[in-house]
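Here's the structure we're looking at; comments come further down.
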Amino acid sequence: MVRNNQPEKQMKLACVIPLLLLSLVNNPLQVQAQVAQPITNRSASTQNNLSELKFPHNGAPIGRRQGGARRNGCPNLNQPLTALVPGEETPEESKSFLALTVSEYPTFWVYLPQLPTNLRSGEFIFQDESGKDIYRTLVSLPQQAGIIGINLPSNPQYALKTNSKYQWYFKIYCGESQNTSDYFYVKAWIQRVPFNTSLESQLKTVKPGKYKVYAVNYLWQDAVTNLAQLRSTNSDSRVLAEDWAKLLEAVNLEEFAGASIVGHYNLQR
């Protein structure tokens, strides 16, 4: 008589699968490796659910997403200076605010609140993981509140290396010179990950709307940049405006969804 082993096999699978899931949760390196690789065939099912994305917390090192606290001679602001990056910040703890990208020369996005007329000097600083300067430049700030984008110059000496982490700052100075210690600032991190064949095939299926593919693969920096660029040339698009709001909502920045893009700095050196 042939014994039916199907129920026994199903029982073994039922036991093995939870153990595999548990091992992923308890192994941060394995989770990070999974996050860094594009996730195949997810874009179609999440195109209309950008706000439901959960960008992973990548642990240390920490950063500062909002810089609205008063510093010495700086005035109070109605809203904080804010880096448009994923992460979580509470009074008890700050996360890493580490964004992923496949770009050699990414664009960084910051929300500027309404500033007093004498606060017009900003500075962008890009450093390696150890804190050594790679690039820094002063930025003349716009008069109106809104979002600005800052391009890293397309020069080989500034290109991001794959799988390396970098830190960046944006400062608003409250004095006459950048040498003053009175300033607002935000600090975040970025890491370039490999551009693989899976991501390439996904991007070929969507034109335009690449931001959806970037987003579901947790490539925040590329998603927000692509969508911001589309909005700048299609300002009347209701679909793009809604997707912009959903994308910001996915990282708890929905309060800035209505802010205009008031500046895009193409830095060169």
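Computed from a prediction, not measured in an experiment: that's the story for all the values here. Residue numbers start at 1 and run along the sequence shown.
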Centroid separation F170 to Y185 less than 6.0 Å: no

R231 and L227: CA distance, side-chain angles, deciding distance, side chain to side chain contact (heavy atoms under 4.5 Å, CB included) verdict: CA-CA 6 Å; R231 290 197 69 212; L227 184 49; 4.3 Å; yes

Test of ring centre spacing under 6.0 Å for Y173 and Y183: yes

Derivation of the side chain to side chain contact (heavy atoms under 4.5 Å, CB included) call for L141 and I172: CA-CA 9 Å; L141 304 179; I172 298 176; 4.0 Å; yes

Nearest non-hydrogen partners of D222 and V102, listed with the distance: OD2-N, 3.0 Å

Residue pair T82, L253: steps toward the side chain to side chain contact (heavy atoms under 4.5 Å, CB included) verdict: CA-CA 9 Å; T82 304; L253 292 174; 4.0 Å; yes

Aromatic contact, F97 with W189 (centres under 6.0 Å): no

Non-hydrogen atoms of L247 and L50 that approach each other most closely: N-CB, 4.3 Å

Side-chain touch I190/K165, heavy atoms, less than 4.5 angstrom: no

Interatomic distance, Q66 atom CD to F184 atom CZ [nearest 0.5 angstrom]: 13.0 Å

Any side-chain heavy-atom pair of R65 and V186 under 4.5 Å: no

Considering all heavy atoms, the nearest P142-L112 contact: CD-CD1, 3.7 Å

Closest contact, heavy atoms only, Q79 versus Y111: OE1-OH, 2.6 Å

Heavy-atom pair with the smallest gap, counting every atom of V193 and T162: C-CG2, 4.0 Å

Sub-4.5 Å side-chain heavy-atom contact between S164 and D128: no

W168 vs V85, side chain to side chain contact (heavy atoms under 4.5 Å, CB included): CA-CA, chis, key distance, verdict: CA-CA 11 Å; W168 63 275; V85 292; 3.9 Å; yes

Minimum heavy-atom distance W220-A99, with the two atoms named: CD1-CB, 3.9 Å

Polar side chain donor-acceptor pair, Q202 to N217, under 3.5 angstrom: yes

Interatomic spacing from CD1 in I134 to CG in L152 - rounded to 0.5 Å: 8.0 Å

S237 vs W244 side-chain heavy atoms within contact, under 4.5 Å: no

Pair S198, N196: side-chain N/O donor-acceptor within cut-off below 3.5 Å: no

Side chain to side chain, F124 and Y169, heavy atoms closer than 4.5 Å: no

Backbone N/O of L199 and side chain of S201: donor-acceptor pair under 3.5 Å: no

Euclidean distance, K212 NZ relative to N226 CG, rounded to 0.5 Å: 10.5 Å

Those residues that, when tested against E242, pass salt bridge (charged side-chain N to carboxylate O under 4.0 Å, His left out) (two or more places apart): R238

Within-4.5 Å side-chain heavy-atom neighbours: W109 and I147: yes

D182 CG to K171 NZ distance, which is reported to the nearest 0.5 Å: 11.5 Å

Distance in Å, K210 NZ paired with T225 OG1, rounded so as to fall on 0.5 Å steps: 13.5 Å

Donor-acceptor pairs are to be reported for all side-chain atoms of residues 254-265 against protein atoms at under 3.5 Å, with residues two or more places apart or in another chain.
unit_1, atom_1, unit_2, atom_2, d
H264, NE2, N151, OD1, 2.6
Y265, OH, S140, O, 2.7

Heavy-atom side-chain contact between N163 and R192 under 4.5 Å: no

Expected output: side-chain Y166 to main-chain K161 donor-acceptor under 3.5 Å: yes

Straight-line distance of L240 CG to S235 OG, nearest 0.5 Å: 10.0 Å

Side chains of D243 and Y211, donor plus acceptor under 3.5 Å: yes

Between E104 and Y158, a side-chain donor and acceptor under 3.5 Å: no

Any Q127 side-chain heavy atom under 4.5 Å of Q167 side chain: yes

Residue N118 excluded, over 12 heavy atoms near CG under 6.0 Å: yes

Side-chain donor/acceptor of N155 to backbone N/O of Q157, under 3.5 Å: yes

Ring-face cation of R136 near F126 (centre distance under 6.0 Å, axis angle within 45°): no

